[in-house]
Amino acid sequence: MVADASHEKYVDTILKTIEEAAKVRGTGIAKRTHDYLATKMKEAKAVIALQGDVFAGFSYIETWGNKHYVTTSGLIVHPDFRGRGIAKKIKDLTFTLARTRWPHAKIFSLTSGAAVMAMNTQLGYQPVTFADLTDDEAFWRGCEGCINVDVLRRTNRKYCICTAMLYDPDEHLPVKLPQEVIERIEKLDKKK
């Protein structure tokens, strides 16, 4: 479900679950604060999965570059609920939420996880270089809390451990047809 202010009571559990998962994987993750995630919930920019009153999973979205870019971030499923398809449902809902709220924005995701890469690919994301992402400095400051930020700095934000993936709405429906095909169709329709 799309989170709201009533879900703030889960924020500390979410942050702890994200931190523990990053340690287990040995990968980086942008660190977020209680207030940051609570604000995402209040702004209808977060998705939470619950089993009754028990936290099961979470993700949030954020806009960058004057709403020309949207990220889906912080996807996490509590270890007790993994392997049940919850991550896919959360990812689908954050993607739908982003597409509904900002239909012309490019949606991107940074990940080091194969499962998220597979989900992104199913939704139409393509792997891209970091140069294809937002140049919004506020976004890149979010990487400062990651254990791999040194790689990002050394390469002047060209490379990192994460894979950048981008969904460009201009490359999806409606299908773009070559002008000569459109003209041919128009001629055929006139003959009818």
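Position 1 is the first residue of the sequence, and the numbers go up from there.
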A.B. asks: Work out which heavy atom in Ile107 is nearest to a heavy atom in Ala98; give both atom names and the distance.
C.D. replies: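 That closest heavy-atom pairing would be CD1-CB, 3.9 Å.
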A.B. asks: Show the nearest heavy-atom pair for residues Pro169 and Pro103, with the distance to one decimal.
C.D. replies: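 Here Pro169 and Pro103 meet closest at CB-O, 3.6 Å.
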A.B. asks: Output all residues satisfying side-chain hydrogen bond (donor to acceptor under 3.5 Å, both in side chains) with Arg154, sequence neighbours left out; order by chain, then residue number.
C.D. replies: Asp150
A.B. asks: Starting at CZ of Phe58, measure out to NE2 of His78 and round the result to the nearest 0.5 Å.
C.D. replies: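 Phe58 CZ to His78 NE2: 14.5 Å, rounded to 0.5 Å.
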A.B. asks: Measure centre to centre between the rings of Phe130 and Phe108, then say whether the value is under 6.0 Å.
C.D. replies: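 For Phe130 and Phe108, the ring centres are not under 6.0 Å apart.
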A.B. asks: What pair of heavy atoms forms the shortest contact from Leu133 to Ala164, and how long is it?
C.D. replies: CD1-CB, 3.8 Å
A.B. asks: Applying side-chain hydrogen bond (donor to acceptor under 3.5 Å, both in side chains), can you list everything that pairs with Trp102, at least two apart in sequence or on another chain?
C.D. replies: none
A.B. asks: Applying side-chain hydrogen bond (donor to acceptor under 3.5 Å, both in side chains), name anything that partners Arg153, two or more places apart in sequence or on another chain.
C.D. replies: Glu144
A.B. asks: Given 3.5 Å as the limit, does a donor-acceptor pair link the side chain of Thr134 with the main chain of Asp136, or not?
C.D. replies: yes
A.B. asks: Please name all residues satisfying salt bridge (Lys or Arg N to Asp or Glu O under 4.0 Å) with Glu43, sequence neighbours left out, ordered by chain then number.
C.D. replies: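 Here the qualifying residues are Lys40, Lys45.
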A.B. asks: According to ring-ring contact (aromatic ring centres under 6.0 Å, His included), who are the partners of Tyr125, at least two apart in sequence or on a separate chain?
C.D. replies: Phe95
A.B. asks: Under 3.5 Å, is there a donor-acceptor pair linking the side chains of Thr72 and Lys91?
C.D. replies: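 Yes.
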A.B. asks: Taking ring-ring contact (aromatic ring centres under 6.0 Å, His included) as the test, write out the residues that go with Tyr36, two or more places apart.
C.D. replies: Tyr60
A.B. asks: Looking at every non-hydrogen atom in both residues, tell me the closest pair between Leu15 and His34 and how far apart they are.
C.D. replies: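 Closest approach of Leu15 to His34: CD1-N, 3.6 Å.
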